[in-house]
Amino acid sequence: MKISLPRLIETVEPTQLVEAYSRLSPSEYVGRLAPSLGMVIEHELFNPRVIVSSEFLYADAFLSITHLDPIMDVLKIVNDGLRVVREAPIAVSLTQEMGFGKTHFLTLLWHLYAKTYDWDISSLKTTGVDLDKLASTGYTRRIAERTLVFTIDLLRLPQGLKPYEAIFETSAKILEKKIRVHGIATVEPSFIRSLGMFRPLEAANSLVAKLSELRKSIPILVLVDELHGGVSGIAEGASSERIRSLTNVILFLKDLIEASRGRVPLVFIYASARQDVDRWSKTSEILPKICPDEESRIAVSLLVEAVDELNDRIMRLKPGMLKPLKVEDVVSILALRLLRFKARKSDILPAIHKALRERFEEFLGEEGIEFLEKKLMDFYPFSPSYEFLIFKFIHPTFGADLPKSQHIRDLLKVTASVISRLEKERWGECSLIGIAHVKPEDFAYSMDERLAGEWIRIYRACEMVSQKIADKDIRELMQAMLSICLLYTSPSPRD
């Protein structure tokens, strides 16, 4: 009697996020499938009625869905940079394409450094968070509690606040909550608010002078999300007053970098989608020339100059960057969000390896079986074939098969759709989640519209033919093969 492969129903169960993600359209990703730093800040400090998925709001939930391996090095750079005064501050530049985890990393730092008043280490011990791995990056709770955080999302400001007001008001509100819980006397929140009445250079110098007077070092962490996207949006359509307010934010950040040198620990981190960086580089010189009046032209010109100066300061610091994601990292991200193991993988895999050897060793040989076993260690409960789907989504969008892809975000949505369908239909029959379970509607929205309709029409015609096969086993095999062919033949605009 052959050894049976463990079924998915025996080893894993879908998380509550599966159904939620599977129903989302790409326009609904931000705040629900992917964090929005601005929405998180607004919900926490200004308006709790702003709707944000709970896994982004609370440290225990957020860390439980965060795969630390690909961000360990840059997290260590941040933690070390906040520990001691340096001749030059530390900078981190996050400029990958949309959907590669930039805002997720900023939100992680929000929880680790801004929102320390809402959690402690003991609260994480029951959530599966790898505290040893976190500690190995140099994260120190004592330093985090003392850290002064300035954070702003330039695409999502708190309602009613201009950019220069927002950056100081947000920092003051964080500080108030920290003082209330930790009782650490640093600077008064009223002092932080008062900085908004000064010119940027004076505000930066006053802040650093105040912190330098304290007996214990107070680190500064600056988190800026959607830098170039926000700057472009405001420069192209906002009032001159709002443009000047944003210019003051940029100048304050630039002056703060300079003022902190050798005086206070400072880490500056900004995130911009690569598409927004490229767009700004192409349009920044043109924008002042197309302004409707002289006042707007001057305001936009000064904003462009300020952004250039800030970028120059950052580049001089030789900023750190996130590592490119490996396929194995993506598998871990999918599993953390969408699946909950009923037992440890190390306890599940031996039974799978044994069954595979019995069934396929004669065809694959020892070398082939060992290769498959190794792949399953990284991929389970996904089939190693899922690597092809992952590669299609994490490959750069320019000229690729999925020009509208949001990369990891889309992979989460597609995989959630696959898991949701499997749970309803075949969770008790299948042993692995593979590309044979993917349907065209799962990701056709990320393709070129001109080609997607015709591609799906051809797929449906083939599917109708396969459904006429009388033998159930052969019919299901043909339908699985059709799904696999679907992925390998998805057209690109180049074809």
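Note that the numbering runs from 1 along the sequence shown for the chain.
Annotation: the span from S301 atom OG to E285 atom CD amounts to 11.0 Å, rounded to 0.5 Å. Distance check: L302 CG to L251 CG gives 8.5 Å after rounding to the nearest 0.5 Å. Atom-to-atom distance recorded for K177:NZ and H182:NE2 is 11.5 Å, nearest 0.5 angstrom. From I257, atom CD1 reaches atom CG of L317 across 6.0 Å, with rounding to the nearest 0.5 Å. Between atom CZ of residue F393 and atom CZ of residue F388 there is a gap of 11.0 Å, rounded to the nearest 0.5 Å. Distance check: N205 CG to R199 CZ gives 14.0 Å after rounding to the nearest 0.5 Å.
Between the side chain of E165 and the backbone N or O of K162, at least one donor-acceptor pair lies under 3.5 Å. Remark: side-chain polar atoms of W119 are paired, donor with acceptor, to backbone N or O of H111 under 3.5 angstrom. Between the S22 side chain and the S417 main chain, no donor and acceptor come within less than 3.5 Å of each other. Under the 3.5 Å distance criterion, the side-chain polar atoms of S332 are matched with a main-chain donor or acceptor of E328. Checked by atom type and distance alone, the side chain of S260 pairs as donor or acceptor with a backbone atom of L256 at under 3.5 Å. In this structure, the side chain of E28 engages the main chain of S25 through a donor-acceptor pair within 3.5 Å.
Taking the centre and axis of the six-membered ring of Y380, the NZ or CZ atom of K345 falls outside the cone set by 45° and 6.0 Å. By the 6.0 Å and 45° rule, K173 stacks over the aromatic ring of F46.
Defined by atom type and a distance below 3.5 Å, a donor-acceptor pair is missing between the side-chain atoms of Y270 and D225. Between T95 and R274, the side chains place a donor N or O and an acceptor N or O closer than 3.5 Å (distance only, hydrogens not considered). If you check the side chains of D278 and S281, you find no donor sitting under 3.5 Å from an acceptor. Using a 3.5 Å distance cut-off with no hydrogens or angles, the side chains of R337 and Y21 do pair a donor with an acceptor. One side chain, Y386 or T415, offers a donor N or O that lies under 3.5 Å from an acceptor on the other.
Under the 4.5 Å side-chain criterion, counting only non-hydrogen atoms from C-beta, L134 is in contact with L75. Using a 4.5 Å heavy-atom cutoff, the side chains of I218 and T147 are not in contact. Using a 4.5 Å heavy-atom cutoff, the side chains of I290 and E236 are not in contact. Between T15 and L336 there is no side-chain heavy-atom pair separated by less than 4.5 Å. Contact annotation: the side chain of K76 never approaches that of S136 to less than 4.5 Å [non-hydrogen atoms, C-beta and beyond]. Here the side chains of H228 and R279 are not in contact, with every heavy-atom distance at 4.5 Å or above. F150 places none of its side-chain heavy atoms less than 4.5 Å from the side chain of V224. The shortest side-chain heavy-atom distance between R242 and L157 falls under the 4.5 Å cut-off.
Among V222, I77, V78, the single residue meeting the side chain to side chain contact (heavy atoms under 4.5 Å, CB included) criterion with I269 is V78. With D69 as reference, K133 is the one residue of K133, K323, K326 to meet the side-chain hydrogen bond (donor to acceptor under 3.5 Å, both in side chains) rule. Each of L37, L155, L106 was compared with E226 under the side chain to side chain contact (heavy atoms under 4.5 Å, CB included) criterion, and only L155 meets it.
Residues K115 and D118 are paired through a salt bridge, judged by an N-O separation under 4.0 Å between the basic side chain and the carboxylate. With respect to R23 and E19, a salt bridge is recorded, a charged nitrogen being found less than 4.0 Å from a carboxylate O. Using a 4.0 Å cut-off between a side-chain N of Lys or Arg and a carboxylate O of Asp or Glu, R244 and E241 do not qualify as a salt bridge. Taking 4.0 Å as the cut-off between side-chain N and carboxylate O, E387 and K392 do not count as a salt-bridged pair. A salt bridge links E42 to R156: one of the charged nitrogens lies within less than 4.0 Å of a carboxylate oxygen. A salt bridge does not link K210 with E188: every distance from a Lys NZ or Arg NE/NH1/NH2 to an Asp or Glu carboxylate oxygen is 4.0 Å or more. A salt bridge links R141 and E145; the closest N-O separation between the charged side-chain nitrogens and carboxylate oxygens is under 4.0 Å.
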Exercise for the section: Could you walk me through whether L266 and I90 pass the side chain to side chain contact (heavy atoms under 4.5 Å, CB included) test, one step at a time? Expected result: CA-CA 6 Å; L266 183 140; I90 299 296; over 6 Å; no
Practice task
Could you walk me through whether Y113 and Y139 pass the side chain to side chain contact (heavy atoms under 4.5 Å, CB included) test, one step at a time?
Solution key: CA-CA 10 Å; Y113 282 98; Y139 178 74; 3.7 Å; yes
Handout entry: CA sep, side-chain torsions, deciding dist, call: L207, I220, side chain to side chain contact (heavy atoms under 4.5 Å, CB included)
Key = CA-CA 10 Å; L207 174 60; I220 301 174; 4.1 Å; yes
Exercise for the section: Determine, step by step, whether Y58 and F62 satisfy the ring-ring contact (aromatic ring centres under 6.0 Å, His included) criterion, reporting the C-alpha distance in whole Å, the side-chain angles of both residues, the deciding distance to 0.1 Å, and the verdict. Expected result: CA-CA 6 Å; Y58 306 106; F62 190 78; over 10 Å; no
Exercise for the section: Kindly determine whether L227 and D276 satisfy side chain to side chain contact (heavy atoms under 4.5 Å, CB included), including the steps that lead there. Expected result: CA-CA 9 Å; L227 174 59; D276 292 332; over 6 Å; no
Exercise for the section: Determine, stepwise, if the pair R316 / D312 fulfils salt bridge (Lys or Arg N to Asp or Glu O under 4.0 Å). Expected result: CA-CA 6 Å; R316 290 184 195 177; D312 179 65; 2.8 Å; yes
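For the pair L412 and I333, the tightest heavy-atom approach, listed with the atom from each and the gap, is CD2-O, 4.4 Å. Contact between F379 and V327 at its shortest, heavy atoms only, is CZ-CG1, 3.6 Å. Taking each heavy atom of P384 and K375 in turn, the nearest pair found is CG-CB, 3.7 Å. Listed here is the closest heavy atom pair of L195 and Y164: O-OH, 3.9 Å. When all heavy atoms of M39 and G31 are compared, the closest pair comes out as SD-CA, 4.1 Å. In terms of heavy atoms, T170 sits closest to P158 at OG1-CG, 4.3 Å.
Side-chain rings of F252 and F198 stay apart, their centers remaining 6.0 Å or farther from each other.
In this structure, Q159 places its CD atom where only 12 or fewer heavy-atom neighbours from other residues, nucleotides or ligands lie under 6.0 Å away. With a 6.0 Å radius and a threshold of 12 heavy atoms from other residues, nucleotides or ligands, M377 has its CE atom at or below the threshold. Within 6.0 Å of atom CZ in R261, more than 12 heavy atoms from other residues, nucleotides or ligands are found, so the atom counts as buried in its surroundings.
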